[in-house]
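Report on the structure given below.
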Amino acid sequence: MDISQRKRTLLKVIVLGDSGVGKTSLMNQYVYRKFSQQYKATIGADFVTKEIQVDDKLVTLQIWDTAGQERFHSLGAAFYRGADCCVLVYDVNIHKTFDTLNNWHDEFLKQADMNDPEAFPFVLLGNKVDVDGGNSRRVTEKKARDWCASRGNIPYFETSAKEGYNVEEAFLCVAKTALENE
Ligand code: GTP
Ligand code: MG
């Protein structure tokens with residue numbers, strides 16, 4: 001069969017995490033291969049799409065970038081409905097952004113209100129590993145991996161949106177994890 005005739009799968013991915021951890025930057029790096037040093041807070045939420053091939057399947061990733069800033073947290077249940085994967089992002093150099101992962105995780109499950117929350121796929125990204133050659137790091141890889149294990153074996157990637165490090169790999173895993181849960 002010609003590849004264009006194969007069924008395309010649309011996967012809805014929600015990206016969550018504190019303000020400034022690099023959610024928008026990761027998405028821009030992944031979809032456009034662009035990075036900007038300048039910080040421009042996301043307001044509300046917006047999505048981009050990217051077509052990728054996972055094994056023999058053509059997949060359209062619909063990636064929803066959200067606002068980390070508290071005053072924009074009004075997305076609510078309707079927004080999370082139908083999600084196939086949730087990507088949590090923290091900044092390895094700022095411990096507080098790691099501490100809030102529990103809130104993001106639990107709040108997402110609560111709002112999304114799915115049938116089987118235990119089985120819902122998450123992927124964790126520890127971003128900005130490039131900063132200061134790793135010398136200003138505040139959260140160890142072990143600590144992050146322990147958290148992932150305690151939350152039901154969440155896949156973990158250390159990334160740099162700035163250098164494009166592990167970004168492609170992370171989103172491929174997101175697509176695979178989401179597909180498995182289809
Ligand atoms: P909100 O939209 O407020 O939720 O923030 P965000 O999570 O989308 O963060 P954003 O992508 O806007 O990045 C915040 C700042 O961190 C920007 O100045 C980026 O240039 C910078 N930044 C993002 N990722 C990296 C990275 O991997 N390394 C470095 N050095 N800087 C990064
Ligand atoms: Mg943003």
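Counting starts at 1 for both ligands and their atoms, in listed order.
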Part of [X] with heavy atoms under 4.0 Å of ligand 1, whether side chain, backbone, both or neither:
X: Asn127; value: side chain
X: Gln38; value: backbone
X: Thr24; value: both
X: Val21; value: both

For this session: Please state whether the separation between the Mg ion (ligand 2) and some N/O/S atom of Thr24 is under 2.8 Å?
Result: yes
Exercise. Is it true that some N/O/S atom of Thr42, main chain or side chain, lies under 2.8 Å from the Mg ion (ligand 2)?
Worked result: yes
Side chains of [X] and [Y]: do they bring a donor and an acceptor to under 3.5 Å?
X: Thr97; Y: Asp18; answer: no
X: Thr49; Y: Gln62; answer: no
X: Lys110; Y: His105; answer: no
X: Asp65; Y: Thr24; answer: yes

Problem set entry | Aromatic ring proximity, centroids under 6.0 angstrom, Trp64 and Phe79 |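 Yes: the rings meet the under 6.0 Å criterion.
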Problem set entry | Option set Ser36, Gly17, Gly164, Ser25, criterion heavy-atom distance to atom 20 (O) of ligand 1, minimum | Ser36
Using a 3.5 Å cut-off on N or O atoms only, is [X] in polar contact with ligand 1?
X: Gly68; answer: yes
X: Phe35; answer: no
X: Gln37; answer: yes
X: Gln69; answer: no
X: Val131; answer: no
X: Gly20; answer: yes

Exercise. Would Arg145 and Glu158 pass as an ion pair if we require N to O under 4.0 Å?
Worked result: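 Glu158 and Arg145: not salt-bridged.
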For this session: Output yes when Arg151 and Asp106 qualify as a salt bridge under the 4.0 Å nitrogen-oxygen rule, no when they do not.
Result: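 A salt bridge is present here (some side-chain N lies under 4.0 Å from a carboxylate O).
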Exercise. Within 45° of the ring axis of Tyr30 and under 6.0 Å from its six-membered ring centre, is that where the NZ or CZ of Lys50 lies?
Worked result: yes
Problem set entry | Spatial distance of atom CZ (Arg137) from atom CG (Asn93) [nearest 0.5 Å] | 8.0 Å
Exercise. Counting from 1, what ligand 1 atoms have a heavy atom of Ser160 closer than 4.0 Å?
Worked result: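 Once the distances to Ser160 are compared, the set is 27 (O).
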Exercise. For ligand 1, which atoms sit closer than 4.0 Å to a heavy atom of Asp130?
Worked result: 26 (C), 27 (O), 28 (N), 29 (C), 30 (N)
For this session: Taking atom CD of Glu51 as the centre, report whether more than 12 heavy atoms of other residues, nucleotides or ligands fall under 6.0 Å from it.
Result: yes
Exercise. Is Phe35 atom CZ crowded by more than 12 heavy atoms from other residues, nucleotides or ligands, each under 6.0 Å away?
Worked result: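 Yes - once you tally the heavy atoms of other residues, nucleotides and ligands closer than 6.0 Å, there are more than 12.
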What protein heavy atom sits nearest [atom], and how far away is it?
atom: atom 9 (O) of ligand 1; value: Gly22 N, 3.2 Å
atom: atom 16 (O) of ligand 1; value: Lys128 NZ, 2.9 Å
atom: atom 27 (O) of ligand 1; value: Ala161 N, 2.8 Å

